[in-house]
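Heads up, the thing below is written out as structure tokens.
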Amino acid sequence: MSDKDPYTRAEDSRFTLRIPTELLDIIREEAKKNKRSAGKQIEFILEEWMNEHNPKE
């Protein structure tokens, strides 16, 4: 855990994001289908995008 925030692991960082409600609702629906939180769904989407656009060599 981080010394700054007991809910955030040391290897993670907190980040506040403003997002249109309509888009967040769509993400929440996808997250529910995948049995993960909206935050984890956003993390998954970002990781997938990064992997597609910046393939590791």
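In this chain, numbering begins with 1 at the start of the sequence shown.
Checked against salt bridge (Lys or Arg N to Asp or Glu O under 4.0 Å), R14 has the following partners two or more places apart in sequence or in another chain: D5.
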Can I get a per-line list of side-chain donor-acceptor pairs under 3.5 Å for residues 42-52, giving both atom names and the distance, sequence neighbours left out?
from	atom 1	to	atom 2	distance (Å)
E43	OE1	K40	NZ	3.2
W49	NE1	H53	ND1	3.3
N51	ND2	E47	O	3.2

Return all side-chain donor-acceptor pairs below 3.5 angstrom for residues 20-34, not counting sequence neighbours, or 'none' if the list is empty.
from	atom 1	to	atom 2	distance (Å)
E30	OE2	K33	NZ	3.0
N34	ND2	E30	O	2.9
N34	ND2	Q41	OE1	3.4

